[in-house]
Amino acid sequence: MFRDGARKSIWQAEIKRYGTVFSEDLKYDVVIIGGGITGISTAHRLQLSGLNCLLLEANNLGFGTTGGTTAHLNDFFDTTFKEAIGKFGLDNVRLLADAGKEAMRVFRSNVTQHSIDCDFEEKTAELFAVDQDQVSQLEDIVDGAKQVGYQMHYTDRIDFPIPFRKAVRIPGQAQFHPIKYIRALAEVFIENGGAVVENCLCHSHEESEEGVLLHTSLGEVRAKHAVFATHTPPGISLLHFTTAPYRSYVIAFSLKGNSYPSTLGYDLYDSYHYYRTHQIDGKKMVIAGGEDHKTGHTDDAGACFSRLEDHCRQQFDVDRVEYAWSSQYFEPADGLPSIGVLPSSEGRVFVATGFRGNGMTFGTLSSAIITDLINEGSSRYEALFNPKRFRPTAGFTTFIKENATVLKDMIGDKIGMDRIRSLAEIGAGEAKVIRHEGRSYAVFAEQDGELHVLRSTCPHAKCEVRWNNAELSWDCPCHGSRFNVNGQILTGPTTTGLERIE
C-alpha cells in the first residue's frame, strides 16, 4: 500500500489490489470518487441500501488522509460546542452533538455487523490545560458541552505524564486501525455487488437531466448520482474558497519501560497536540501529532517533526522514534464540514469535505447523510452541513483571510522566486522554485546530481508550488494540490500533474 508522501505511516502494509477496469456500457446508480474512509463508508452504505455502486480511486485505497490519520474517533470536535453555539445557535449545536453520536453508532454498527477486526477499542478521552490561558479555554469547552447535554467530567489525574492545571475526562470515544477498517468495508461492499477500480483519476464531470457523466483516465462512466469523497472536487468550486488545506505531523515512538497511556489525550495549544497508544506487529507505541500549518506555508517542514519530537521527549520517557509522517486535512471557514449537494450541482452530485481534525468521525457520518439524501431526498443534518450555506456571517473573517492568502500566493511567489543563470547552481539535495530565461521551474537535485525539472505552476489555479522537504513533494499553497518529484499528482484538487521538462 502506498500513500501520498515519502514517509511511511504506521498503518502501511501490503494490501489486496482491486480492479483497474470498468464497463463503459453500464449506468450505475452512484459512482463514488475517493477510496478513503468517506468514500468507502458511503459506497458500502449505499450498496447495502440496494443501489448499484462503483467506487473509483486515483491510486490505491487509503492512499490519502485515511492512510495518514492517527485514527481517533471522537464525538466532540475541533470546533467546540461553545464556539459553534456563538455562530449557529443552541438548537443547531444540539443537532451537531447528535451528529457526533450518530457517527459513533454507525461506526460501531459496521464493526459489529461485519465482525471487522480493526483493533477497535472504546476509550476515554482526556482534555487537559497546561497553563492558565488553557484553563479558561477548557472551562469554556465544558460550559458549551453542558449547554448541549454532552458529558465532560473534571478529573484530578490524567493517564499521561504531562503536568497540567485542569483536565476533563470524556467517555465514549474510540480508536482503531484505519486501513484494516476500510479494507474490511471494501470487501463487504464487493461481496454485495459493488465494484472498486483503483488507478482511475476522475478528470471532470457533466451533469444533465439524465444523470452524471464522469470523464476519467480509464474512460467515461455514467451514473444517476456521483459523490466526491476527495476533500475537494476537481475544477474550481466555491469549496476551494471556503476550505483551506492544512498539514499535521505525527510520530510514533516506544517508551522505556511499559507504562503506556490507556486513554486518548489532547492539550489546548494552538495547534494542539494529540496522543494515543497502538500496538503494531506486537510492539506497543505512543502515536503523537501536532505542529499543524497551512499546506505550503513553511520553509522547513522537516523542522516540524523535530519540534514535535522535542516536545514528546520533554513529556515522555521516549525510547525510540519508529515512524514519522505527515497528513493533510481541510479547515472550513465557519468551523463545520460541508456534507451534501455540491454547490454547483442541481442535486445529482454530492461532496464531503472540511472535516478539520475529525475526519474519521465526519467521514463516517457522511455515509449516513449522503445515503439519506440520495434515497430519501433529505437528511436531518442537511441544513447544518449544507455546502451552499456560506454567507458573509459565520466564519466570514476566516473566509476573507484565507482568500487574501491565496491571492498573495498567486501573485507574490511569481515575483519573489529565485533567478539563476544555470541549473548547475542547484546543489545536490536542494530544491528550488526558480526563474530561468523568463520561465518558472520547480527543480529538485538528487544526491547523485540527477535533476528533476518541472513547470512550477500548479495546473489547478495557477499558483506556484513550494518544496516540502519532509515528504519530498511540491505543495501548492493555495488549494493543497501536491506532486512528487516527477510531477505526478499526490493530492488533488488538481487533475493534471506538473509538466516535466526532459
Side-chain angles (χ1 to χ4, degrees), residues 2-8 58-60 63-64 68 199 201 203-204 217 232 234-236 240 245 247 293-305 325-328 405-502:
F2 299 100
R3 60 173 295 270
D4 62 350
R7 291 171 175 259
K8 185 177 180 179
N59 293 285
N60 54 251
F63 182 81
N199 298 313
L201 177 66
H203 295 292
S204 61
S217 57
T232 52
I236 301 293
H240 296 117
R247 294 203 70 75
H293 63 79
K294 195 166 184 280
T295 299
H297 285 250
T298 179
D299 293 330
D300 187 358
C304 297
F305 285 114
W325 73 94
S326 65
S327 193
Q328 189 146 296
T405 301
V406 167
L407 186 61
K408 176 179 177 292
D409 293 333
M410 293 177 72
I411 297 171
D413 281 359
K414 296 179 187 296
I415 297 171
M417 64 183 60
D418 292 335
R419 285 169 170 77
I420 65 172
R421 294 182 179 181
S422 168
L423 294 179
E425 294 180 34
I426 308 293
E430 281 190 325
K432 289 184 179 181
V433 177
I434 63 167
R435 195 84 174 161
H436 181 65
E437 296 182 353
R439 292 181 176 269
S440 58
Y441 302 92
V443 184
F444 171 63
E446 300 272 12
Q447 289 295 336
D448 62 5
E450 180 186 358
L451 288 176
H452 300 273
V453 184
L454 312 168
R455 300 283 191 212
S456 63
T457 303
C458 176
H460 176 248
K462 310 305 179 186
C463 298
E464 297 299 317
V465 297
R466 298 174 182 174
W467 180 242
N468 180 332
N469 64 348
E471 296 286 8
L472 303 184
S473 63
W474 293 105
D475 298 356
C476 177
C478 293
H479 303 116
S481 297
R482 298 176 55 248
F483 311 85
N484 70 12
V485 295
N486 292 313
Q488 296 171 338
I489 301 168
L490 293 174
T491 305
T494 186
T495 58
T496 305
L498 296 178
E499 180 185 352
R500 185 167 183 174
I501 309 301
E502 299 297 338

| task | Apply side-chain contact (heavy atoms from CB on, under 4.5 Å) to Ala445 and list each qualifying residue two or more places apart in sequence or on a separate chain. | result |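 Partners of Ala445 under the side-chain contact (heavy atoms from CB on, under 4.5 Å) test: Ile426, Leu451.
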
| message | Going by the rule side-chain contact (heavy atoms from CB on, under 4.5 Å), which residues pair with Thr496 if we only count those two or more places apart in sequence or in a different chain? | response |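 Here the qualifying residues are Pro459, Thr494.
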
When you measure from the side chain of [X] to the backbone N and O of [Y], does any donor-acceptor pair fall under 3.5 Å?
{"X": "Trp325", "Y": "Gly68", "answer": "yes"}
{"X": "Asn486", "Y": "Gln488", "answer": "no"}
{"X": "Arg7", "Y": "Ala470", "answer": "yes"}
{"X": "His460", "Y": "Gly235", "answer": "yes"}
{"X": "Thr295", "Y": "Gly480", "answer": "no"}

Working to the nearest 0.5 angstrom, can you tell me the gap between [X] [atom1] and [Y] [atom2]?
{"X": "Cys458", "Y": "Ile489", "atom1": "SG", "atom2": "CD1", "result": "9.0 Å"}
{"X": "Lys432", "Y": "Ser456", "atom1": "NZ", "atom2": "OG", "result": "14.0 Å"}
{"X": "Phe483", "Y": "Asn468", "atom1": "CZ", "atom2": "CG", "result": "13.0 Å"}

| message | Going by salt bridge (Lys or Arg N to Asp or Glu O under 4.0 Å), name the residues that satisfy it together with Arg455, two or more places apart in sequence or in a different chain. | response | Glu499

| note | Across all chains, not counting sequence neighbours, the salt bridge (Lys or Arg N to Asp or Glu O under 4.0 Å) partners of Arg3 are Glu471

Quick one, [X] and [Y] - any side-chain contact, counting heavy atoms below 4.5 Å?
{"X": "Trp474", "Y": "Leu498", "answer": "yes"}
{"X": "Thr495", "Y": "Ser204", "answer": "no"}
{"X": "His297", "Y": "Arg247", "answer": "no"}
{"X": "Glu464", "Y": "Thr457", "answer": "yes"}

If you look at every heavy atom in [X] and [Y], which pair is closest and at what distance?
{"X": "Pro245", "Y": "His479", "answer": "CG-C, 3.6 Å"}
{"X": "Ala58", "Y": "Leu201", "answer": "CB-CD1, 3.9 Å"}
{"X": "Leu490", "Y": "Ser473", "answer": "CD1-CB, 3.8 Å"}

| What pairs of residues pass the salt bridge (Lys or Arg N to Asp or Glu O under 4.0 Å) test when at least one of them lies in residues 482-496, not counting sequence neighbours? |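 The answer is Asp4-Arg482, Asp475-Arg482.
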
| Would Cys463 and Cys478 count as a disulfide bond (SG atoms under 2.5 Å apart) if you check the C-alpha gap in whole Å, the side-chain angles of each, and the deciding distance to 0.1 Å? | CA-CA 7 Å; Cys463 298; Cys478 293; 1.9 Å; yes

| With under 30° as parallel and over 60° as perpendicular, where do the rings of Phe444 and Trp467 fit, or are they tilted in between? | parallel

| message | Quick one about Thr491 and Gln328 (side-chain donor to acceptor, distance below 3.5 Å, no hydrogens or angles considered), yes or no? | response |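 No, no side-chain donor-acceptor pair sits under 3.5 Å.
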
| request: Mind checking side chain to side chain donor-acceptor pair (under 3.5 Å) for Asn59 and listing every partner two or more places apart, or none if nothing turns up? | output: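 Testing Asn59 for side chain to side chain donor-acceptor pair (under 3.5 Å), a comparison that skips the adjacent residues, returns none.
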
